[in-house]
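Heads up: the structure comes next, in structure tokens.
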Amino acid sequence: MVMQVTGQMYKVAVAGASGYAGGEFLRLALGHPRFEIGALTANSNSGTRVGEVHPHLLPLADRRFEPTTPQALAGHDIVILALPHGASAALAAQLPEDVVIVDLGADFRLLDPEAWVKFYDTDWAGVWPYGMPELIVSAASYTTRQRSQLGGVQRIAVPGCNVTAVTLGLQPGVAEDVIEQRDLVAVLANGYSGAGRALRPNLLAAEALGSAAPYAVGGGHRHIPEILQNLALAAGPDADEASISFTPTLVPMSRGILATATARLTPHWLQRLATDSEAASQAIRQVWVDAYADEPFVHVLPAGQWPTTAMTLGANTALIQVAVDVAAGRVVTVTAIDNTVKGTAGAAIQSLNLALGLPETTGLTTVGVAP
């Protein structure tokens, strides 16, 4: 449901508006009652009609993309950076401090400069407030959610889409000491839109249709340090260091992520499982149910119902199911999101709402598109 909210209008510019992430942000922003679409910029598509690149965005079809310059982005309340990794920092540095800037790329996500250089091979640009409102933040004396850190901020770093799916799937177990952090495994089925719009042979329909293809196998994916960073925050300062085996796989669908993550139970829960497997399994699942009971966009499905990517298409939802593999002594979580909505553009708007003091759900829907 789109909420009707009256009050100040915010003029929004989108840099990199011709890509999938920029286009999806525009689709959602057109339904936001407080956003007015301003400049739309692009590089190779500069001068092109928006309707030629995004024919589904009919209200913007006759607009033209401008070159991406600080001058084109001036005079806006909000600037969205939907740029390749490594390109946001230089542009952001040329924009006024009082403008709210949201980076859909990775430039400002990582706290550790060494992790950034290792996985991205460019200079570390710093860190901005992290745009995952549901992230559990555990400290020595309290546990809260990241949304408490987003009110009034001028800069927001939106999480990676794979990161969102894996973090939401595992963090309740980490925060409540249900699962071990040293033996995490995540295997993901990913839609092709997550790879961006660039033309590459492995992304052509002739190569992709009817085929599933793993990539970044063996610990090379750039989202790994971000996942570990999030789980460390959820676990708290006294927890053991986490490690994860992370394998994404491209499957022939345009959008969506289905993340299957498993983790070994802690000794306490293994003992409870050995004593009464049914009661322990129910109690373990309840940890996830309780963790997300008050979240508007993250839902644990009824027992026995498993998430599919089709359930989340077009919606800012994360759907989760939890089971216990008694024989293996492991928890299995399956999380479905739309990588372009909850994984990117929806997270940006959700975080913007908090930064601007608007209801968190403004302009966002939990209603998907089916079939």
Side-chain angles (χ1 to χ4, degrees), residues 19-21 24 84-86 104-106 109-110 115-116 118-121 158-171 173 179-231 242-264 306-313 318-323 325 328 330-344:
Y20 289 139
E24 189 68 0
H85 301 323
L104 304 188
R109 296 172 184 164
L110 294 184
W116 172 267
K118 177 180 178 181
F119 281 86
Y120 290 91
D121 198 27
V158 174
C161 53
N162 295 312
V163 177
T164 296
V166 176
T167 299
L168 294 177
L170 289 176
Q171 67 169 355
I179 58 177
E180 300 277 5
Q181 292 195 80
R182 296 292 299 173
D183 185 19
L184 305 175
V185 179
V187 179
L188 284 70
N190 304 70
Y192 272 76
S193 59
R197 201 163 200 156
L199 292 177
R200 284 173 279 173
N202 68 307
L203 304 182
L204 297 175
E207 303 288 339
L209 294 181
S211 177
Y215 65 100
V217 178
H221 198 284
R222 289 171 166 178
H223 285 172
I224 289 174
E226 190 180 345
I227 294 170
L228 295 178
Q229 175 176 289
N230 289 351
L231 296 180
S243 65
I244 189 168
S245 174
F246 175 86
T247 307
T249 303
L250 289 170
V251 298
M253 60 186 183
S254 62
R255 59 166 75 193
I257 293 174
L258 189 71
T260 301
T262 76
R264 178 167 290 280
W306 291 92
T308 68
T309 56
M311 295 176 181
T312 66
L313 293 183
L319 302 181
I320 300 173
Q321 188 55 274
V322 185
D325 185 334
R330 299 182 73 89
V331 167
V332 181
T333 71
V334 179
T335 305
I337 65 170
D338 184 323
N339 60 298
T340 63
V341 187
K342 184 57 180 158
T344 308

For T167 and N230, the nearest pair of non-hydrogen atoms, with its separation, is OG1-ND2, 3.2 Å
Quick check: do R255 and V341 have side-chain heavy atoms less than 4.5 Å from each other?
yes
T309 side chain to L258 backbone, donor-acceptor under 3.5 Å:
no
Would T164 and K342 satisfy side chain to side chain contact (heavy atoms under 4.5 Å, CB included), going step by step from the backbone distance to the final call?
CA-CA 8 Å; T164 296; K342 184 57 180 158; 4.3 Å; yes
CD of Q171 to CD1 of I227, rounded to nearest 0.5 Å, is 12.0 Å
Residues P248 and A216: closest non-hydrogen pair is CD-O, 4.3 Å
Just verifying a value: how many Å separate N162 CG and I224 CD1, rounded to the nearest 0.5 Å?
10.0 Å
How would you list, by chain and number, every residue that makes a side chain to side chain contact (heavy atoms under 4.5 Å, CB included) with T333, sequence neighbours excluded?
L170, A261, W288, V322, V331
A side-chain contact here means heavy atoms from C-beta on lying under 4.5 Å apart; do R109 and H223 qualify?
yes
So which pairs with a foot in residues 183-193 pass salt bridge (charged side-chain N to carboxylate O under 4.0 Å, His left out), sequence neighbours left out?
D183-R330
Answer yes or no: is there a donor N or O on one side and an acceptor on the other, between the side chain of D338 and the main chain of G256, under 3.5 Å?
no
Name the residue from V166, N190, T340, T335 that meets the side chain to side chain contact (heavy atoms under 4.5 Å, CB included) definition with I257.
N190
Of all heavy-atom pairs linking S211 and P252, the shortest is O-CD, 3.2 Å
Roughly how far, to the nearest 0.5 Å, is the CD1 atom of I337 from the SG atom of C161?
6.0 Å
Could you check whether the rings of H221 and Y215 sit parallel, tilted or perpendicular, using 30° and 60° as the cut-offs?
tilted
What's the separation between atom CG in L188 and atom OG1 in T247, rounded to the nearest 0.5 Å?
9.0 Å
For residues A336 and P307, report the shortest heavy-atom separation together with the two atoms involved.
CB-CB, 3.7 Å
Could you walk me through whether L231 and L184 pass the side chain to side chain contact (heavy atoms under 4.5 Å, CB included) test, one step at a time?
CA-CA 11 Å; L231 296 180; L184 305 175; 3.5 Å; yes
The test is side chain to side chain contact (heavy atoms under 4.5 Å, CB included); show your working for T262 and D325 and say whether it passes.
CA-CA 9 Å; T262 76; D325 185 334; over 6 Å; no
Give me the atom names and distance for the closest heavy-atom approach of V251 to A212.
CG1-CB, 4.2 Å
Can you tell me how far apart CH2 (W116) and CG (D121) are? Round to the nearest 0.5 Å.
10.5 Å
Taken to the nearest 0.5 Å, the spacing of L104 CG from Y20 OH works out to 16.0 Å
Should L110 and Y120 count as side-chain neighbours, where that means a heavy-atom distance under 4.5 Å?
yes
To check you understand the geometry: which heavy-atom pair defines the closest contact between P225 and F119, and what is its length?
CG-CD1, 3.7 Å
Determine yes or no for a side-chain-to-main-chain donor-acceptor pair under 3.5 angstrom, with E226 supplying the side chain and G160 the backbone.
yes
